[in-house]
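Worksheet: one structure, shown below.
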Amino acid sequence: MKILVTGGCGYIGSHTCCELLDSGYEVVIIDNLCNSKEDVVDKIKQITKKEVKFYKGDLCDKDLVDEIFSKENIDAVIHFAGLKAVGESVLKPLLYYRNNLDSTLTLLEIMNKYNCKKIVFSSSATVYGSPKTLPIKEDFPLSTTNPYGSTKLYIEGILKDLYISDNEWSIAVLRYFNPIGAHESGLIGENPKDIPNNLMPYIVRVATGELKELSIFGNDYDTHDGTGVRDYIHVVDLAKGHIKAIEHICKEKGIDYYNLGTGNGYSVLDLVTTFEKVNNVKINYKIVARRKGDVASCYADATYALDKLNWKATKGIEEMCKDSFKFVKNSNKDLNN
Ligand code: NAD
Ligand code: UFG
């Protein structure tokens, strides 16, 4: 089976390509490299010892997407491509709406044209807004607090309307919680170009000495130590969830929604102390004001994914902390050589 992976050079996409190849799928990537590098394709080949076809280009380019479908005989699509920085989306909403919606509409139109009606979509726990109770179940009310989140919610709506119009579609909407960690090889992972917004990439930069200290956004939340609680999930576990989703949509038509999380909540301080312990480094931090828009706690009820997809996360936060650091140390070593 041949899978088109949009955004396959990115953080979650690259790990998923490795899992797909290891599971015997053929992989075609389209990525415009706006948030990734081409050498990831070689790293995927190095890890899996398999071939990957790479198209460098924009998913909004209808002619290119048409060309890919006409040449490649694609059976199903995993759609990762999109912009994902919450803060930037508030400053540049049109960029986010244009990129994330236009790319998806282009993709879906071409899929329809070639009668390829199986898609796995990367959504986010952000679509739950500020949940009233925890853990979060898939049928909780949906809302968003920023344009990035709105693009996810709109795309979920587009996919639902598409299925209503044509029951031949098989659609899995995966709502990710907080992916961290990296491939055990240390060859692929997440290392943002700019100053990171997310917690783990920031901790790693403090650990390498590139940044002086971590600012912890608030220690007065109603949580066990006052700092924000999230459901961190190892990116390799997350990637494996996509294989299960592909298997499922190949068996059953319909549209369905799955939380991909561990079901466990860890605080900012839990993550900092675990990172220090497993990597034997000191993370300097200071407590600052809460970050606007943050919720106190967010973690998944992941039982639906277990029941329907037979998927469950298996890696703990120690492994997540170890692998995140290993990847960045490895890439810094490459840069210095
Ligand atoms: P990423 O930025 O590492 O990967 C996205 C990839 O898509 C990048 O390689 C980028 O170059 C590419 N891309 C973006 N727009 C494109 C376009 N128009 N045409 C072609 N390529 C394009 O992000 P990620 O962390 O791997 O996230 C993958 C998906 O999962 C995204 O849709 C993101 O919104 C979603 N998601 C991520 C998280 C997270 O915390 N990382 C959480 C929830 C959901
Ligand atoms: N935090 C800090 N200091 C930092 C960065 C983060 O204290 O420098 C805290 C936050 O306040 C929060 C926790 O660490 O309590 C996690 O923050 P992240 O920015 O890493 O993650 P979020 O849960 O805020 O959001 C992320 C993505 C969203 C996505 C959501 C759920 O950025 O796009 O996970 O998947 F929607």
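Numbering of ligands and ligand atoms starts at 1, following listing order. Source: prediction; values computed, not measured.
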Self-check item: Identified ring-ring contact (aromatic ring centres under 6.0 Å, His included) partner of Y304 from the options W311, Y258, Y257, F140
Solution: Y258
Exercise. Give the residue, atom name and distance (to 0.1 Å) of the protein heavy atom nearest atom 27 (O) of ligand 1.
Key: I12 CD1, 3.7 Å
Quiz item: Do any N/O atoms on D31 end up under 3.5 angstrom from N/O atoms on ligand 1?
Solution: yes
Practice problem: Among all protein heavy atoms, pick out the one at the shortest distance from atom 34 (O) of ligand 1; state its residue, atom name and that distance to 0.1 Å. | Solution: Y148 OH, 2.7 Å
Quiz prompt | Taking atom 21 (O) of ligand 2 as the reference point, the nearest protein heavy atom with its distance | solution = N178 ND2, 3.2 Å
Self-check item: Under 3.5 Å side-chain donor-acceptor pair for T223 and S297
Solution: no
Practice problem: Looking only at distances, please establish whether an N/O atom of ligand 1 is found under 3.5 Å from an N/O atom of S124. | Solution: no
Practice problem: Specify the protein heavy atom at minimum distance from atom 30 (O) of ligand 1: its residue, its atom name, and the distance to 0.1 Å. | Solution: Y176 CE1, 3.3 Å
Self-check item: Check ion pair D166-K117 (N to O, under 4.0 angstrom)
Solution: yes
Quiz item: Counting both backbone and side chain atoms, is some N or O of N35 under 3.5 Å from an N or O of ligand 1?
Solution: yes
Quiz item: Under 6.0 Å between the ring centres of Y266 and H224?
Solution: no
Quiz item: N/O to N/O below 3.5 Å, does that happen between C60 and ligand 1?
Solution: no
Self-check item: Nearest neighbour in protein (non-hydrogen) for atom 22 (C) of ligand 1
Solution: N32 OD1, 3.2 Å
